[in-house]
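Everything below concerns the one structure shown next.
Letters go in sequence order (proteins before strands), and every chain restarts at 1. Note that the structure is a prediction, hence the values are computed from the model and not measured.
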There are 2 protein chains.
Amino acid sequence: MTVSNVVNGNRGRVSPATAARVERAIADLGYVPNAAAQSLAARRTRLVGLLLPTGSDDASLLASPHDVAVTGAVEAALRHRDHHLMLRGVGTARQVQDSVRRWSLDGVVLMGFTDDEVGALALPAGLPAVVVDATAGGPVAHVRSDDRAGGLLAGEHLTGLGHTRLLICGPTETTSRVVSERVEGFRTAAGDRVQVVAAQTTYDDGVVLGTRLAPAVRAGDLTAIFATADILAAGVIRGLTDHGLRVPEDVSVLGYDDADLARYVTPRLSTIAQDTTRKGQVAAELLLELITGEATEPRSELIDVALTARESTGPAPA
Amino acid sequence: MTVSNVVNGNRGRVSPATAARVERAIADLGYVPNAAAQSLAARRTRLVGLLLPTGSDDASLLASPHDVAVTGAVEAALRHRDHHLMLRGVGTARQVQDSVRRWSLDGVVLMGFTDDEVGALALPAGLPAVVVDATAGGPVAHVRSDDRAGGLLAGEHLTGLGHTRLLICGPTETTSRVVSERVEGFRTAAGDRVQVVAAQTTYDDGVVLGTRLAPAVRAGDLTAIFATADILAAGVIRGLTDHGLRVPEDVSVLGYDDADLARYVTPRLSTIAQDTTRKGQVAAELLLELITGEATEPRSELIDVALTARESTGPAPA
DNA sequence: CTGAAAGCGCTAACAC
DNA sequence: GTGTTAGCGCTTTCAG
């Protein structure tokens with residue numbers, strides 16, 4: 001019917017009078033179009049998937065505060081453009097298929113995967129996709145913070161405070177360009193003597209690491225620690241302070257993300273802030289322009305970072 | 001075709017031999033059924049919506065750590081039963097329609113709404129639904145922690161430590177039976193002299209409240225504070241300690257939820273723990289049994305609570 | 001136990 | 001401008 005044209009905003013193919021008449025009827029009848037039927041006929045679902053890694057235990061979806069913040073922003077941005085979000089934990093390429101093809105998703109955003117994992121997921125070729133915080137995935141869009149700049153900022157902040165015995169910790173053993181660029185930026189500013197220590201991005205791993213590092217700090221061999229995530233930094237501080245060390249008097253600790261928890265912990269975390277809301281918005285935009293065809297080639301965007309100095313960093317001890 | 005029967009596990013209507021043949025073909029061809037077509041023909045989508053309130057700003061979906069944890073558990077439980085989750089922020093009844101009817105959702109779970117808000121959302125009658133942490137919504141299933149028991153536990157813990165000048169804070173001005181039951185339980189254990197102070201469930205509101213309460217603490221008029229959420233308790237502690245008070249030496253602070261952040265803050269939060277993973281699982285179960293028709297009547301379930309004593313509570317000052 | 005036929009609600013060509 | 005015609009990919013009666 002002509003109705004379809006009205007519903008789809010195909011003005012110009014219908015007289016204003018008729019359009020008005022149809023719209024009134026729609027309102028009166030409380031008509032809501034059926035998405036399944038629309039999908040089937042139009043090969044467009046207005047559905048996008050947010051794919052996250054399923055950890056070993058099941059509640060671990062959204063374990064990272066950073067991912068949570070981005071997720072909220074993605075949903076909002078999508079909603080404002082009349083799209084819906086399907087939240088799905090995936091671990092295998094098969095599960096990706098199960099979601100993407102089964103629901104004919106218009107596109108997907110991937111978050112929380114390492115470069116290797118993204119590759120293993122084998123995204124269907126041609127599917128509009130944006131990967132957050134990784135750089136693999138083939139011809140897809142990417143969003144991440146300006147990690148080199150973030151590392152640089154971190155290094156400058158710490159060396160500016162007089163620190164010379166520095167350490168950076170994070171998931172350095174994974175295939176993550178994000179991490180390697182932060183390390184690289186940090187080294188550019190802080191010199192090659194920077195130690196690199198592998199740690200998972202969890203609070204508990206931070207505590208363990210802090211405990212392990214305590215002797216070196218006490219011996220004066222280490223005065224500043226840069227963690228690639230706030231949650232890790234928070235754990236490190238705990239491990240350190242539990243062993244009688246003072247932050248920042250004995251040792252400075254710098255985080256990354258400026259998650260909410262940065263303000264919750266004591267001392268309040270100095271951190272490299274990235275605008276996660278913006279990150280989510282950009283991810284949605286990049287995906288939408290791929291879906292609508294506005295963009296032919298997937299773009300990539302770097303989110304600006306800034307130093308937020310709070311209480312966990314201070315001058316190097318004398 | 002016969003194929004449909006195989007795919008739908010309609011054994012008994014097809015010979016084992018044929019079934020095997022079909023399954024091999026499916027595997028070989030990499031066939032994935034089309035959800036839209038299935039929905040259209042079978043009036044069953046295997047899609048459930050998780051509806052959350054859209055705050056004023058857009059990133060605030062999932063602002064509460066508690067909600068995040070439950071969300072992860074719901075997604076996992078649904079996934080294990082071959083259902084998918086649609087994450088959607090809603091503020092008006094119209095938006096609910098837009099999601100529920102448009103996508104023919106098999107069911108919805110509502111979380112983060114007050115009783116009034118749930119009512120205003122006007123869930124379509126007959127739609128399988130479970131509301132988390134509220135009690136309104138008509139004939140739908142409910143999941144919440146055993147709030148009376150939680151309040152009681154809190155009161156007993158604090159009075160057991162010798163506290164007699166107590167205060168409870170939380171969103172007491174909203175239409176939330178959850179909050180009123182916690183208050184009631186607390187009063188049962190701690191007596192009627194308990195002060196009640198309204199506060200939103202945010203860190204910043206906690207800080208403000210802590211600041212406001214500092215004089216009373218210093219004067220010895222208040223020695224223990226029970227907050228209806230960890231994040232609020234964390235803020236209160238900050239407000240207090242920023243004004244030179246010591247927790248728990250000068251004043252005890254008790255939280256609710258046992259969110260991750262309870263371990264991050266200093267001092268570590270004593271709190272009423274509820275198993276959010278279980279909560280999400282139960283929510284999914286309750287919904288699924290309504291969807292499948294296993295259950296005719298919506299049930300409600302209370303999640304057990306337990307006291308987790310850490311460092312933020314201690315004996316009443318002398 | 002297996003196949004044929006109709007239709008779920010909508011869009012998109014194409015005539016009128 | 002407006003109505004008509006086929007399907008989109010599947011499930012489901014209902015005959016073979």
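Atom CG of Asn34(B) and atom P of dG9(C) are 16 Å apart (whole Å). Arg101(B) places its CZ atom 11 Å from the P atom of dC10(C), with the value rounded to the nearest Å. In this structure, Ile26(A) places its CD1 atom 10 Å from P of dC10(C), rounding to the nearest Å. For the pair Arg102(B) CZ and dG9(C) P, the interatomic distance rounds to 17 Å; values are reported in whole Å.
With Glu181(A) contributing its side chain and Arg177(A) its backbone, the two residues share no donor-acceptor pair below 3.5 Å.
The environment of CG in Asp116(B) is crowded: more than 12 heavy-atom neighbours from other residues, nucleotides or ligands sit within 6.0 Å.
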Checklist entry - Would Lys279(B) and Asp275(B) count as a salt bridge (charged side-chain N to carboxylate O under 4.0 Å, His left out) if you check the C-alpha gap in whole Å, the side-chain angles of each, and the deciding distance to 0.1 Å? => result CA-CA 6 Å; Lys279(B) 203 167 178 179; Asp275(B) 187 341; over 6 Å; no
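Considering only side-chain N and O atoms, Gln38(B) lies under 4.0 angstrom from the phosphate OP1 or OP2 of dT11(D).
Checked for salt-bridge contact, Asp147(A) and Arg144(A) meet the test: a charged N lies under 4.0 Å from a carboxylate O.
The nucleotide whose nearest atom lies closest to any side-chain atom of Leu40(B) is, among dC10(C), dG9(D), dT11(D), dG9(D). Of the candidate nucleotides dT12(D), dC8(D), dC10(C), dC8(D) has the atom lying nearest to any side-chain atom of Arg43(A). Of all nucleotides listed (dT11(D), dC10(C), dC8(D)), dC10(C) comes nearest to the side chain of Pro33(A).
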